[in-house]
Amino acid sequence: MTKSENIYLVGLMGAGKTTIGRQLAKALAVPFYDSDKAIEERTGVDIPTIFEFEGEEGFRDREQKMLQELTKMQGIVLATGGGVILREENRNLLIKNGFIVYLQCSIERILERTRRDTQRPLLKTENPRERIETLFVQREPLYLACADYKIDTGIMQSKEVVEHILTAYRAINH
Ligand SMILES: Nc1ncnc2c1ncn2[C@@H]1O[C@H](COP(=O)(O)OP(=O)(O)O)[C@@H](O)[C@H]1O
Ligand SMILES: O=C(O)C1=C[C@@H](OP(=O)(O)O)[C@@H](O)[C@H](O)C1
Ligand SMILES: [Mg+2]
């Protein structure tokens, strides 16, 4: 399997990985996977429940195991969860098996997009802005270390983001 047969989306919560991933897969007529959704289907409970009963580390263990499975697949678009890049093994699996697109997004835009969200435990805090800023500082270097391509999803509609990614992806697959 070549690295460029898969497209993996990384980025902070709210950057658009799940939304863009679904549209991108449709445009390419390939299967779409979302690692969070796959974990929820496997466990039968939602992400907040996993965090509640197993803590973040328990969720990260499940995320790592799911990524080991999903990166064995060929010809897919995968929307990862925002924290997947935290573990080195996950970064190595992504780098080895897919064309990695880093969906950048401003803190403001992320706040707007996740304001009414109830499914992201890490945003269940007194100060979501401070939390997102902390995650950005911690994770941006890791996203950049993995990315083959990056795009700011905060300044354009999702269909434009998809077009830009398709152009970049086709350029490496010419
Ligand atoms: N380019 C975009 N423009 C406007 N809204 C967007 C865009 N991308 C995603 N969204 C919206 O932002 C929210 C978070 O998107 P989502 O795909 O769940 O992000 P992620 O999977 O990265 O956490 C959703 O309500 C989605 O509809
Ligand atoms: O940033 C994170 O650590 C997380 C992001 C979430 O996915 P999205 O990025 O799709 O919201 C989900 O994996 C979990 O709540 C943890
Ligand atoms: Mg998502």
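Both ligands and their constituent atoms are indexed starting at 1 by order of listing.
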| field | Under 4.0 Å from ligand 2 - residues by heavy atom, chain and number | value | M13, K17, D36, I47, F59, R60, G81, G82, G83, R120, P121, L122, R139

| Within-shell test, E160 vs ligand 1, heavy atom, strictly < 4.0 Å | no

| query | Based purely on interatomic distance, does G16 place a nitrogen or oxygen under 3.5 Å from a nitrogen or oxygen of ligand 1? | reply | yes

| note | of all protein heavy atoms, closest to atom 5 (N) of ligand 1 is R113 NE, 3.7 Å

| side chain to side chain contact (heavy atoms under 4.5 Å, CB included) assessment of R91 paired with R87 | CA-CA 7 Å; R91 296 196 299 274; R87 291 189 177 182; 5.8 Å; no

| task | Could you state whether F53 and I47 fall into the same hydrophobic cluster, counting links through intermediate Ile, Leu, Val, Met, Phe, Trp or Tyr residues with side-chain heavy atoms under 4.5 angstrom apart? | result | no

| note | Tightest non-hydrogen contact, residues C146 and I85, listed as SG-CG2, 4.0 Å

| task | May I have the step-by-step check of side chain to side chain contact (heavy atoms under 4.5 Å, CB included) for I100 and Y149, ending in yes or no? | result | CA-CA 7 Å; I100 300 170; Y149 178 71; over 6 Å; no

| query | For G11, is the nearest heavy atom under 4.0 Å from an atom of ligand 1? | reply | no

| Atoms of ligand 1 close to M13 [distance to a heavy atom under 4.0 angstrom, numbered from 1] | 23 (O)

| request: Evaluate whether atom CD of E130 has more than 12 neighbouring non-hydrogen atoms of other residues, nucleotides or ligands under 6.0 angstrom away. | output: no

| message | Regarding ligand 1, does Q157 bring an N or O atom to under 3.5 Å of one of the ligand's N or O atoms? | response | no

| task | Just jot down the ligand 1 atoms closer than 4.0 angstrom to any heavy atom of T153, in number order. | result | 1 (N)

| Using 4.0 Å as the upper bound for N to carboxylate O, is an ion pair formed by E126 and R131? | no

| task | Would you check the N or O atoms of V161, main chain and side chain alike, for any that come under 3.5 Å of an N or O of ligand 1? | result | no

| If we only count N/O pairs under 3.5 Å, is I20 in contact with ligand 1? | no

| Protein contact to atom 18 (O) of ligand 1 [nearest heavy atom, distance to 0.1 Å] | R120 NH2, 3.0 Å

| message | Testing the 3.5 Å rule here: is there a donor-acceptor pair between the side chains of Y102 and E140? | response | yes

| query | Taking all atoms of both residues into account, what is the closest heavy-atom pair of L9 and T80, and its distance? | reply | O-OG1, 2.7 Å

| task | Name the option, out of T80, T19, L9, L12, that contains the heavy atom nearest to atom 16 (P) of ligand 1. | result | T19

| query | In terms of residue, atom name and distance, what is the protein heavy atom nearest to atom 1 (N) of ligand 1? | reply | M156 O, 3.2 Å

| query | Is E57 salt-bridged to R60, going by a charged N under 4.0 Å from an acidic O? | reply | no

| So, are E52 and K124 salt-bridged, with charged N and O less than 4.0 Å apart? | no

| said: Check whether S35 reaches the backbone of G81 with its side chain - one donor and one acceptor, N or O, closer than 3.5 Å. | reply: yes

| request: Verify the distance test for T80 against the Mg ion (ligand 3): any N/O/S atom under 2.8 Å, yes or no. | output: no

| task | Please name the pair of heavy atoms, one in L123 and one in P128, separated by the smallest distance, quoted to 0.1 Å. | result | O-CG, 4.2 Å

| request: May I ask whether A79 places a heavy atom under 4.0 Å from ligand 1? | output: no

| said: So, using ring pair (Phe, Tyr, Trp, His ring centres under 6.0 Å) as the criterion, who are the partners of Y33 when residues are at least two apart? | reply: none

